[in-house]
Student: 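Sharing a structure with you now.
Sequence lines set the chain letters: A, B, ... in the order given, protein chains first and strands last, and positions in each chain run from 1. In this text the structure is predicted, and so the values were computed from the model without any measurement.
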There are 2 protein chains.
Amino acid sequence: MSDESPPRGDKSSTKSRILAAAITLFADQGVAATGVRAIAAAADVHPSLIIHYFGSKDGLRVACDKHVAAFVREHKQQVMRAGRFDPAELRDLGDGPPLLRYLARTLADGSPHTAALVDEMVNDAVGYLADGVASGLVRPTDHPYERAALLAIWSLGTLALHEHVQRLLGVDLTALGGAATVESTYGRVASELLGSGIFRT
Amino acid sequence: MSDESPPRGDKSSTKSRILAAAITLFADQGVAATGVRAIAAAADVHPSLIIHYFGSKDGLRVACDKHVAAFVREHKQQVMRAGRFDPAELRDLGDGPPLLRYLARTLADGSPHTAALVDEMVNDAVGYLADGVASGLVRPTDHPYERAALLAIWSLGTLALHEHVQRLLGVDLTALGGAATVESTYGRVASELLGSGIFRT
DNA sequence: ACATTAATCGAACGTTCGTTTAGTGTCTGG
DNA sequence: CCAGACACTAAACGAACGTTCGATTAATGT
């Protein structure tokens, strides 16, 4: 009838299923340690189909990068604003693949798309912090860009080291929503540190 | 004579040469993406010699972990103390292999030895911060362990994301000594943030 | 009804992987 | 002087790698 034409299998979701499986496995084991056959098995398709759709394993990696970057850009207004420095405000949203774990992995591995994403977040944070300064909530600084960059690096660094954060502080930054994170001891200590610093006045 | 017995080649440094080559390549490309043959070529030995000395590729990885961990422990007093939160105070020391880049890589990849190392640094930071509180330099807190852990995570996170730090702030945390880093804009902004926080009082 | 196109599979390609086995030469201690 | 330990090489193994090449099947346009 007049509906779409998902020609085979369940839906035209096959490509999405491959992408989700790839993001999951890449996030869990790293890109280099994950084989095309393992991704194909997880997505329940034939390995050659991955090449057919994405050209190569690296093409698949780029597609994963873009998919995660698009997701982050969609939810960016929840992230990196002044006083809410926690990238874990992006929750998994039941989207299936662990997008934040993938992001954490690629933050340290260094892909071009991730670098562009970080740059955007820094520029956004510059704006948020400037708004905070204008409204009197945030201290002014001689180096607003550098301050925003460092705050972003600290936030994203905690995400990249989420395994250690979980072990040390018992908070899983890749699984919890923002509210639960901020209400934790982790959130309170972070607010205390960023609020008044460590040194006695 | 009474001197050592470096039986073949230059010294018994062959094992060390393999270790140095492995650390360099692991740091540059990641463990999974680096083959035994590439390491052997960089160390100018036969691939099977690596297995002979280290048992397996994973044995070599563990040896690299231990080597870097030992280096960090040796120079630990320069790191993570109150007010000097910068792990880049460990400099390469001309030791050859890029130990800090290797550490940054394994911080995110998660090896058991690295986790133990992080735990030690956190415990040290607890002590340093307690000393700071006792001497009146550092604010007291209700959660001293969590504060130390978070400071350590931020420090090590910036190291793990050193690529972004370099791009955004122009500071190479894996190459510079501590002094040059702290005197940079990066160091001044970090001191400002940790010193007095971001929020207006 | 038929040609076309896209989706998917099955099997194989050549390469590279980590590892094994066997062997060579050099030094050293009894 | 010679037996064995040691540093190291040479060649090959089987498995896994990413990728290619048809063949098969189902939807689509005419």
Student: Counting only side-chain heavy atoms from C-beta out, which of C:dG18, D:dC8, D:dT19 sits nearest to B:K57?
Tutor: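 That would be C:dG18.
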Student: Take atom CG of A:L49 and atom C1' of C:dC9, then tell me their distance rounded to the nearest Å.
Tutor: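 Those two atoms, CG and C1', are 9 Å apart.
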Student: Indicate the ring-plane relationship of B:Y102 and B:F26, choosing parallel, tilted or perpendicular according to the 30° and 60° boundaries.
Tutor: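 Tilted.
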Student: Taking the six-membered ring for Trp, are B:H67 and B:F71 closer than 6.0 Å centroid to centroid?
Tutor: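 No, they do not, as the ring centres are separated by 6.0 Å or more.
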Student: Given C:dA7, D:dT19, C:dC9, identify the nucleotide with an atom nearest to the side chain of A:H52.
Tutor: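 So the nucleotide nearest the side chain must be C:dA7.
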Student: Have B:S48 and B:H46 got a donor and an acceptor in their side chains that come within less than 3.5 Å?
Tutor: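 Present: a donor and an acceptor within the cut-off.
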Student: Rounded off to whole Å, could you give me the CG-to-P distance for the B:L25 and C:dG18 pair?
Tutor: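 About 12 Å, once rounded to whole Å.
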Student: Using atom CG of A:D44 as one end and atom P of C:dG10 as the other, report the distance to the nearest whole Å.
Tutor: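 My rounded result for the distance is 11 Å.
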Student: Atom CZ of B:F54 and atom C1' of C:dG18: how far apart are they, to the nearest Å?
Tutor: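 B:F54 atom CZ is separated from C:dG18 atom C1' by 16 Å.
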Student: Among A:L117, A:T106, A:L19, A:L99, which residue meets the side chain to side chain contact (heavy atoms under 4.5 Å, CB included) test with A:V68?
Tutor: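 Of the listed options, the one satisfying the test is A:L99.
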Student: Rounding to a whole Å, what distance do you find between B:F26:CZ and C:dG18:C1'?
Tutor: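 Result: 12 Å.
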Student: In whole Å, I'd like the distance from the CD1 atom of A:I51 to the C1' atom of C:dG10.
Tutor: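 Answer to the nearest Å: 16 Å.
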Student: Heavy atoms from C-beta onward define the side chain here; which of C:dT8, D:dT19, D:dC8 lies closest to that of B:T14?
Tutor: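 Output: D:dC8.
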Student: A:H46 has an atom NE2; how far is it from atom P of C:dA12, in whole Å?
Tutor: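 These atoms are roughly 11 Å apart.
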Student: Just N and O in the side chain of B:Y53: are any of them under 4.0 Å from OP1 or OP2 of D:dC8?
Tutor: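 Indeed, a polar side-chain atom of B:Y53 lies that close.
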Student: With no hydrogens and no angle check, is any side-chain donor or acceptor of A:R200 less than 3.5 Å from a backbone partner on B:L137?
Tutor: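 Not confirmed, A:R200 side chain does not pair with B:L137 backbone.
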Student: Counting heavy atoms from C-beta on, name the nucleotide in D:dT9, C:dA12, D:dA12 closest to the side chain of A:R37.
Tutor: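 The answer is C:dA12, which lies nearest to the side chain.
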Student: Send over the distance from A:I39 CD1 to D:dG18 P, rounded to a whole Å.
Tutor: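 Answer to the nearest Å: 8 Å.
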Student: Applying a 4.0 Å non-hydrogen cut-off, can you work out what B:S48 is touching in the nucleic acid: base, sugar-phosphate, or nothing?
Tutor: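 Base contact.
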